[in-house]
*Asks:* 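Sending over a structure as structure tokens; questions will come in a sec.
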Protein chains: 2
Amino acid sequence: MDVARLAGVSQSAVSRTFTEGASVSPKTRAKVMKAADELGYGPSIIPRIMLTHRSSLIAIVSGGLYNPFYASVVEALAQAIQKSGSNVMFFSVNHGEYIDEIIPDILGYRVDGIISALSIVSPEAAERCAKMHTPVVLFNNKLSNEWVASICSDNVEGGRQIASLFLKRGGKRFAYIGGKKGNLASEDRFAGYLAGLMREGVTDVAVTYGDFRHDEGYEAARKLLAAKRPPDAIFCANDLMALGAMEAAKAAGLRIPEDVLIAGFDDIPAASWPSFDLTTIRQDGDAMIRRAMDLLSKMIDGEQLAGNSLHLIAAPLVERGSTARAVPAG
Amino acid sequence: MDVARLAGVSQSAVSRTFTEGASVSPKTRAKVMKAADELGYGPSIIPRIMLTHRSSLIAIVSGGLYNPFYASVVEALAQAIQKSGSNVMFFSVNHGEYIDEIIPDILGYRVDGIISALSIVSPEAAERCAKMHTPVVLFNNKLSNEWVASICSDNVEGGRQIASLFLKRGGKRFAYIGGKKGNLASEDRFAGYLAGLMREGVTDVAVTYGDFRHDEGYEAARKLLAAKRPPDAIFCANDLMALGAMEAAKAAGLRIPEDVLIAGFDDIPAASWPSFDLTTIRQDGDAMIRRAMDLLSKMIDGEQLAGNSLHLIAAPLVERGSTARAVPAG
DNA sequence: GGCAATATTGCATTGCTATGCAAAAAAGGT
DNA sequence: ACCTTTTTTGCATAGCAATGCAATATTGCC
């Protein structure tokens, strides 16, 4: 190697200079450092990966960063990973897409683990990872095997809580604005909402979809509110759409919460801005990340998961002004 | 190798099976594939990196994803990189921090290039990268050498435009809410703003700082507006703070734009939501990304940059309701 | 069938760092 | 100065895929 030659020492000496706690004399280290500085050399971790079969790489698979919830989860995850001494590979995928095509890419880098924040993993892809003993943690998913764990907000319970709240606040005509059709989180939130409403005898819930985006939430709400018998309580699959729905309600001349109750899911920062003051279900991103890192590091250390590893994270109701209607007399 | 043994072929045959266009008989390929499937084998790109000195990795260094502008830039960048056949390493840093400490980490992975979205790179760190011939592209920075290019929105001109607009709309008492003190983008925007105002004889501009965050923008504006002689025109270093400032103005019972003009910078989606309708300067993220990818791929292909490589990207004014005051008589 | 042309396969090597082991050097003790 | 103990150093090797080259197998054609 160039540095070794320039410093007049062996390659081992160079390696030891850059290895914490290795046996090198200060003199040698100095010579090596000088040569390294001169050549702009720094050690490569690539051969280490080959030898140790540990890349110190964690893959984050995500997308939809227009949603502040995901953006902050990705950032906090990255920080947690870096703090743990690993580094992050980021794979961008679109909402709801299967990530099967990029799995070979990911595994090709011999990442130590994979955290998928929103994409769908097929059972075959999961099997593939399991065979390579590459642990996987999924957010808001329910798949699991010995190398795949899932961490899920309690979406059903969240939906149920919104239902109770709407009923308590005098909601009469209910609507739901979902994310993508078939999206697990969206469907679970709806399931809980519907169950909560049905328990009180409500049978009719207007359902539309809005792809999780603000503008689609606006549009969906606009249509709902323009109906002959418009809803007076709208639950949205996420906050971004709920904010859009609030805009639509205001544009239609409706007052919130007097004329229409609105609630979302996530508790993004904008939900608490005074202009919105949106009631929502808080997804505890920090708890999800803690749990994910914990599971991942255990699996990386060789600990297989016992059977069904599905972790439900509590998602508490955060009531704000958008549902603060006084209980009506009737 | 296990797969080769199981398939009863040589290691070369396995390699060729997974190499597009290599010479393998269908029979051999089938045997290899069967064995690979059985063992869950997929080729590693790690040895390839050692041989070719190309990792197909691009490092994105960023942070502050709470700002939708950065979140969307990071996501779009990642997509552009993946489309170009490379993959993304993501390094999270805090706003305004020097990234010098993580540069060795980044270079250790032998990334093909680095794109830094908001962190500051010291000249020494830049030199370090240059010595390894690792190209670097910086966003909203002005450093450059033969391996470092900078891509910068025209922040000064943006500030100037806001100044003209405020003057045209009858602003009398001006304020600026900056990001972090010393932040280049924030300072440049202020410099342009100040220059534009001074050209018309304005000498007095109230300046505070808000760390680029919504809540800090709120707080900064609240204080400004509570002063004895409150401003009637506030320019904020980014949209997030401008939205906070709007909230503060509303909370103080002021009408926008009648009582106070407010403008931001970035043109994040929320700026165009009806509740805000915020005048702003649009940062053309797509153009910045296109330029970045273009420069990066040229440098990766060995093309050194000619001298000063500082690229200014036009940042047009987007006027909306928050400055739509009719020209006052006086 | 026999020969040339083509296709397929295996061997051996490359790339760079970490590390066990043995050799060499330095330090410590009397 | 000599021997023991400790520290430092270099050698050699492993890890895995890609590839030039030579060897072998297959095909095509008369």
*Asks:* How long is the line joining OH of Tyr41(B) and P of dG15(D), in whole Å?
*Replies:*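 After rounding, the reported distance stands at 15 Å.
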*Asks:* Output yes when a side-chain donor or acceptor of Arg16(A) lies under 3.5 Å from a complementary backbone atom of Val24(A), and no otherwise.
*Replies:*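 Answer holds: no.
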*Asks:* Among pairs that include at least one residue of residues 121-142 of chain A, which meet salt bridge (Lys or Arg N to Asp or Glu O under 4.0 Å), considering only residues two or more places apart or in two chains?
*Replies:*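 Sorted result for residues 121-142 of chain A: Lys142(A)-Asp188(A).
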*Asks:* Find every protein N or O atom lying less than 3.5 Å from an N or O atom of nucleotides 11-13 of chain D, and list the pairs.
*Replies:*
| unit_1 | atom_1 | unit_2 | atom_2 | d |
| --- | --- | --- | --- | --- |
| dC11(D) | N4 | Ser12(A) | OG | 2.9 |

*Asks:* Could you tell me the separation between the CG atom of Leu39(A) and the P atom of dC16(C), rounded to a whole number of Å?
*Replies:*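 Distance check: Leu39(A) CG to dC16(C) P gives 13 Å.
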*Asks:* Just to be sure I understand the rule, does Ser25(B) reach a base, reach only the sugar-phosphate, or reach nothing, if contact means heavy atoms closer than 4.0 Å?
*Replies:*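 Sugar-phosphate contact only.
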*Asks:* What integer distance in Å separates Lys27(B):NZ from dG10(C):P?
*Replies:*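 Roughly 12 Å, once rounded to whole Å.
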*Asks:* Ring centroid separation for Tyr41(B) and Phe18(B), is it under 6.0 angstrom?
*Replies:*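 Under 6.0 Å, so yes.
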*Asks:* Let's see if you get this right: which residues in residues 44-53 of chain A place a heavy atom under 4.0 Å from DNA chain C?
*Replies:*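 Going residue by residue through residues 44-53 of chain A, the ones with a heavy atom under 4.0 Å of DNA chain C turn out to be Ser44(A), Pro47(A), Arg48(A), Leu51(A).
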*Asks:* List the residues meeting ring pair (Phe, Tyr, Trp, His ring centres under 6.0 Å) with His311(A), not counting sequence neighbours, and say none if there are none.
*Replies:*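 Result, ring pair (Phe, Tyr, Trp, His ring centres under 6.0 Å) vs His311(A): none returned.
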*Asks:* Side chains of residues 50-63 of chain B: which donor-acceptor partners sit under 3.5 Å, not counting sequence neighbours?
*Replies:*
| unit_1 | atom_1 | unit_2 | atom_2 | d |
| --- | --- | --- | --- | --- |
| Thr52(B) | OG1 | Arg48(B) | O | 2.7 |
| Thr52(B) | OG1 | Arg54(B) | N | 3.2 |
| Thr52(B) | OG1 | Arg54(B) | O | 3.4 |
| Arg54(B) | NE | Asp112(B) | OD2 | 3.4 |
| Ser55(B) | OG | Leu57(B) | N | 3.2 |
| Ser55(B) | OG | Arg110(B) | O | 2.8 |
| Ser55(B) | OG | Asp112(B) | OD1 | 3.4 |

*Asks:* Please list, chain by chain and in numerical order, all residues satisfying ring pair (Phe, Tyr, Trp, His ring centres under 6.0 Å) with Tyr66(A), sequence neighbours excluded.
*Replies:*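 Tyr66(A): no ring pair (Phe, Tyr, Trp, His ring centres under 6.0 Å) contacts found.
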*Asks:* Kindly say if Ser15(A) contacts the phosphate of dT17(C), meaning a side-chain N or O under 4.0 Å from OP1 or OP2.
*Replies:*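 The answer is no; no side-chain N or O of Ser15(A) sits under 4.0 Å from OP1 or OP2.
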*Asks:* Using modelled atom types only, decide if a donor and an acceptor are shared between the side chain of Ser186(A) and the backbone of Asn183(A) within a distance under 3.5 Å.
*Replies:*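 Absent.
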*Asks:* Are the charged groups of Arg290(A) and Asp294(A) less than 4.0 angstrom apart, N to O?
*Replies:*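 Asp294(A) and Arg290(A): not salt-bridged.
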